[in-house]
Amino acid sequence: MNSQDIGEQDILARIFIEEKNYDTAAEIYFKAGMLYEYGRCQLLCGNLEETKHIWHKIKDDNPAVHWGCSLLEFIDLYVMHIPTFFQIRAFLEVDLDALLRADLITYCENIVNGAHLFAQNNPESYKFIGRVFVNNKYFELAELFLKKAKDVCYVDPEVHFLLAKCYIYKNDIKRAKDALKISIDKGYGYFPAKKLLKEITN
């Protein structure tokens, strides 16, 4: 923690975040003058008002700050600014996953309740949310968002692949196989789907 190299400090802080030691990560970022990251750690600690105070003081005009301030609006259920296509692509999945891992369930609920707003600017938003829920084994919630993703972009092989995982969780192997076959067809031999199909067929 004594390194003066910003890159090294960032890596160290990320390790503490992975270990859910958000306070120590926040301390590292504060000392490094990395205010956006410091505010994000405060958010992961559940300190919403402190996060607002930090992020709203940042004068830099960059996508992360714009995303962060918009995310706070979703958490507060008072959305004035919908993030851009690229902001959603870069940050939604990462931050939703981090908040879920931090057990900030109410924050997550409020964010995903605005999924239709995210989808206005990035139709893949439903898939991003569904993938987070699959990866964290919230399969029933995942299925809800992935079905919406399928309606928006039926040709995306990953959507069908992720849905298959939800069906496997419910022990509905027939539907899982059907979803995987669609995934393989739409993805020109999508390898993860072929691999999973082989596993549940043998």
Side-chain angles (χ1 to χ4, degrees), residues 43-44 63-64 66-68 70-202:
L43 183 62
L44 294 174
H66 291 304
W67 159 260
S70 177
L71 185 67
L72 296 177
E73 293 178 2
F74 278 85
I75 292 171
D76 276 339
L77 297 176
Y78 189 74
V79 179
M80 300 288 290
H81 306 93
I82 301 175
T84 67
F85 175 92
F86 289 108
Q87 288 167 13
I88 293 167
R89 188 168 190 174
F91 301 111
L92 173 59
E93 190 170 354
V94 173
D95 282 348
L96 181 61
D97 182 72
L99 290 165
L100 204 55
R101 284 172 42 81
D103 296 319
L104 294 166
I105 304 302
T106 301
Y107 290 4
C108 295
E109 287 177 349
N110 291 355
I111 292 166
V112 302
N113 280 339
H116 61 292
L117 299 177
F118 289 120
Q120 288 178 16
N121 282 356
N122 189 327
E124 284 190 294
S125 298
Y126 293 122
K127 182 178 80 169
F128 297 152
I129 293 168
R131 187 161 55 197
V132 170
F133 284 138
V134 166
N135 291 340
N136 287 278
K137 303 190 186 311
Y138 290 91
F139 292 105
E140 291 177 0
L141 282 172
E143 186 177 346
L144 292 174
F145 288 96
L146 291 168
K147 283 182 174 178
K148 290 182 179 180
K150 186 174 73 169
D151 290 340
V152 172
C153 193
Y154 188 81
V155 297
D156 186 334
E158 189 180 12
V159 171
H160 300 280
F161 170 72
L162 292 168
L163 271 169
K165 289 191 171 186
C166 298
Y167 299 144
I168 290 169
Y169 170 76
K170 297 196 303 187
N171 203 32
D172 191 342
I173 303 304
K174 182 185 183 304
R175 286 183 77 187
K177 288 180 177 178
D178 290 343
L180 290 170
K181 288 172 183 175
I182 295 171
S183 176
I184 292 165
D185 177 57
K186 299 301 178 186
Y188 303 99
Y190 189 64
F191 177 75
K194 288 175 72 173
K195 183 172 181 288
L196 185 56
L197 181 60
K198 185 177 180 181
E199 288 173 5
I200 65 173
T201 300
N202 292 340

Counting distance only, does the side-chain N/O of [X] pair as donor-acceptor with the main-chain N or O of [Y] below 3.5 Å?
X: H160; Y: Y154; value: yes
X: E73; Y: H81; value: yes
X: D172; Y: Y167; value: no

Rounded distance [0.5 Å steps], [atom1] in [X] versus [atom2] in [Y]:
X: L77; Y: E109; atom1: CG; atom2: CD; result: 10.0 Å
X: T84; Y: H66; atom1: OG1; atom2: NE2; result: 9.0 Å
X: L99; Y: I75; atom1: CG; atom2: CD1; result: 6.0 Å
X: L104; Y: D95; atom1: CG; atom2: CG; result: 11.5 Å
X: T106; Y: I111; atom1: OG1; atom2: CD1; result: 11.0 Å
X: K177; Y: T201; atom1: NZ; atom2: OG1; result: 4.5 Å

Can you see which heavy atom on [X] is nearest to which on [Y], and at what distance?
X: A176; Y: I168; answer: CB-CG1, 3.6 Å
X: P192; Y: F161; answer: O-CE1, 3.4 Å
X: P83; Y: N121; answer: O-ND2, 2.8 Å
X: Y190; Y: P157; answer: CG-CB, 3.9 Å
X: L44; Y: A102; answer: O-CB, 3.7 Å
X: I184; Y: A193; answer: CG1-CB, 3.7 Å

Determine whether [X] and [Y] make a side-chain contact, defined as any pair of heavy atoms from C-beta on separated by less than 4.5 Å.
X: Y107; Y: L43; value: yes
X: I182; Y: L180; value: no
X: L96; Y: F128; value: no
X: L92; Y: V132; value: no

Q.
Among residues at least two apart in sequence or on other chains, which ones pass side-chain hydrogen bond (donor to acceptor under 3.5 Å, both in side chains) with N113?
A. none
Q | Partner residues of F74 under the ring pair (Phe, Tyr, Trp, His ring centres under 6.0 Å) criterion, sequence neighbours left out | A | F118
(Q) Checking F191 now: which residues fulfil ring pair (Phe, Tyr, Trp, His ring centres under 6.0 Å) with it, not counting sequence neighbours? (A) none
Atom pairs and distances, side-chain donor-acceptor, residues 137-153, under 3.5 Å, sequence neighbours left out:
residue : atom : partner : partner atom : Å
E143    : OE1  : K170    : NZ           : 3.1
E143    : OE2  : K147    : NZ           : 3.0
E143    : OE2  : K170    : NZ           : 3.3

**Q.** Results of side-chain contact (heavy atoms from CB on, under 4.5 Å) for D185 - residues two or more places apart only
**A.** none
Q: Sequence neighbours left out, what passes salt bridge (Lys or Arg N to Asp or Glu O under 4.0 Å) with E93? Give chain and number order.
A: R131
